[in-house]
Amino acid sequence: MKTRVRFAPSPTGPLHMGGVRTALYNYLFAKQNGGDFILRIEDTDSHRFVPGAEQYIIEALRWCGIFPDEGVDADGHIVETPSERHPHAPYRQSQRKPIYRQYAEQLVASGNAYYAFDSAESLEAERARAEAAGQTFIYNYESRDRLCNSLTLSAEETQRRIAGTTDWTIRFKMPRGRVVEMDDLIRGHISVNADTLDDKVLWKRADELPTYHLANIVDDHLMEITEVIRGEEWLPSLPLHYLLYEAFGWQDSQPRFAHLPLLLKPVGNGKLSKRDGDKLGFPVFPLRWVNADGETSHGYREDGYFPEAFVNLLAMLGWNPGTEQEIFSLPELVEAFSIDKVGKSGAKFNPEKAKWYNKEYLRRKPAAELAELFLPVLAGHGITEVDTAYVEKVISLTQERATFVADFWDIAKCLFVAPGEFVQKDVDKFWKPEIVAAAREALENSDTDTLEGYIRDHEMPMGKVMNAIRLALTGASSGLAIADIMHCIGRDEAVRRFRYLCEKQS
Ligand code: GLU
């Protein structure tokens with residue numbers, strides 16, 4: 001049987017990095033097994049729909065190099081009409097609306113579900129009553145026999161209400177006294193007593209839409225999904241999902257399940273949240289997101305991360321290869337990934353490690369590729385007329401020090417513009433007119449571009465000489481090696497800078 005997995009996000013906002021990790025693990029699993037990776041949009045909860053979220057999800061996956069085999073066409077649009085390549089279209093659940101009712105009705109007919117007519121007010125009153133008695137109201141085997149549903153009403157009254165009213169639902173009838181036995185590829189065997197679970201709503205007459213549970217099971221079945229790989233927050237739904245497969249008689253083709261561990265905060269305990277990112281200054285979203293109130297959240301892409309580094313660091317959050325290797329390209333991940341090596345416990349996110357990954361990728365990149373990325377940064381600083389070969393030379397000299405492409409500017413600004421401002425405390429400490437004047441003279445009278453001979457032969461301590469010279473060349477006393485600066489800017493420019501500082505300070 002061909003492996004078919006799906007990523008099934010709800011477009012309720014930007015995809016969190018945990019969501020991208022779920023997509024990535026699905027993708028790796030599919031590709032490793034020569035299977036298909038499907039993108040399905042679960043948008044049946046219209047109250048939580050956020051405009052732009054679907055496009056965001058698609059763009060984020062494309063940025064990571066995760067391209068679905070089904071569900072999205074080459075232009076990055078969700079496919080709406082079935083074709084040979086996309087046989088199960090549409091892949092957006094809101095467009096599959098007419099499919100679901102018959103499945104819910106099928107469960108009513110087989111005695112696994114029932115019509116419920118309770119009004120929102122009456123359920124609210126039940127909840128309040130239970131709360132006053134220190135209990136929690138649950139719609140289940142204990143309460144269903146006294147509530148307003150097709151199990152308690154006559155067949156005629158039920159029919160009358162189905163035909164004449166629109167605020168009813170179809171609820172799953174949890175079997176009494178059943179222990180649901182389940183298997184998870186990461187967590188092993190799990191058993192849950194169904195008496196602890198409630199009769200979940202499967203379909204709502206009001207908007208004629210299924211809830212997540214029904215739509216998810218029906219679509220996984222119709223789309224021939226073989227493995228469901230999703231976040232741990234869905235583990236509590238697993239018993240219901242098992243029972244739904246059973247109620248439909250689909251046990252033989254039921255997918256296998258794998259629930260991924262949570263991503264945890266860098267400090268303390270608990271789930272990684274958007275607020276942690278804002279508080280500790282790192283992105284939790286793949287791409288920048290601006291919400292309806294105009295509030296902006298950082299994105300890895302806009303913060304200067306390489307997609308390969310982001311994918312690599314995500315892969316390592318919860319999975320380990322069982323070796324010391326930390327750097328993996330996407331094809332290498334496809335090769336090495338295994339669900340058996342995904343841990344059960346939450347994976348602590350370390351923002352410093354994320355930066356380390358970017359630095360490692362930056363170190364490995366050819367200078368020409370980095371130059372291409374750095375040119376717009378230079379343009380942002382008003383430097384447009386610049387020789388690409390020169391930019392590459394600067395990058396090769398500074399590559400080991402940078403974490404992000406934008407760092408090249410901070411590190412090597414002085415190789416593009418002469419300092420206008422000088423760090424005052426460095427001036428106070430290191431400004432020595434006689435050294436700078438002598439260095440200028442030595443350069444002017446020499447036929448080389450280097451100051452090495454001058455620094456070596458000068459009678460003052462080497463540190464003092466170098467600090468004064470670096471101050472004149474860069475505006476501060478620390479930074480690049482003098483030899484590197486000279487190698488880039490050359491003799492004439494150095495002489496100009498020495499002269500400038502001498503004049504400025506006189
Ligand atoms: N729509 C669910 C979500 O947003 C999908 C859960 C699943 O993969 O079954 O996460």
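Throughout, residue positions are numbered sequentially from 1 according to the sequence presented. Remember, it's 1-based here, ligands and their atoms both numbered in the order they're listed.
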Ring-plane angle category for F349 and Y300, please: parallel below 30°, perpendicular beyond 60°, tilted otherwise.
perpendicular
I'd like to check the side-chain contact (heavy atoms from CB on, under 4.5 Å) partners of E70; sequence neighbours left out, ordered by chain and number.
R4, D36, I38, H86, P87, H88, Y91
Atom CD of residue position E335 - does it have more than 12 heavy atoms of other residues, nucleotides or ligands inside 6.0 Å?
no
How about Q95 and R92: does a side-chain donor come under 3.5 Å of a side-chain acceptor?
yes
Going by atom types only, do S273 and D276 share a side-chain donor-acceptor pair under 3.5 Å?
yes
Identify the protein atoms, limited to N or O, that lie within less than 3.5 Å of an N or O atom of ligand 1, and list each pair with its distance to 0.1 Å.
from     : atom 1 : to   : atom 2 : distance (Å)
ligand 1 : 1 (N)  : A8   : O      : 2.8
ligand 1 : 1 (N)  : S10  : OG     : 3.0
ligand 1 : 1 (N)  : E42  : OE1    : 2.6
ligand 1 : 4 (O)  : S10  : N      : 3.3
ligand 1 : 4 (O)  : S10  : OG     : 3.2
ligand 1 : 8 (O)  : R6   : NH1    : 2.7
ligand 1 : 8 (O)  : R6   : NH2    : 3.4
ligand 1 : 9 (O)  : R6   : NH2    : 2.9
ligand 1 : 9 (O)  : Y212 : OH     : 2.9
ligand 1 : 9 (O)  : N216 : ND2    : 3.1
ligand 1 : 9 (O)  : R230 : NH1    : 2.9
ligand 1 : 10 (O) : W234 : NE1    : 3.2

Polar side-chain atom of N291 near backbone of E295 as donor-acceptor pair, under 3.5 Å:
yes
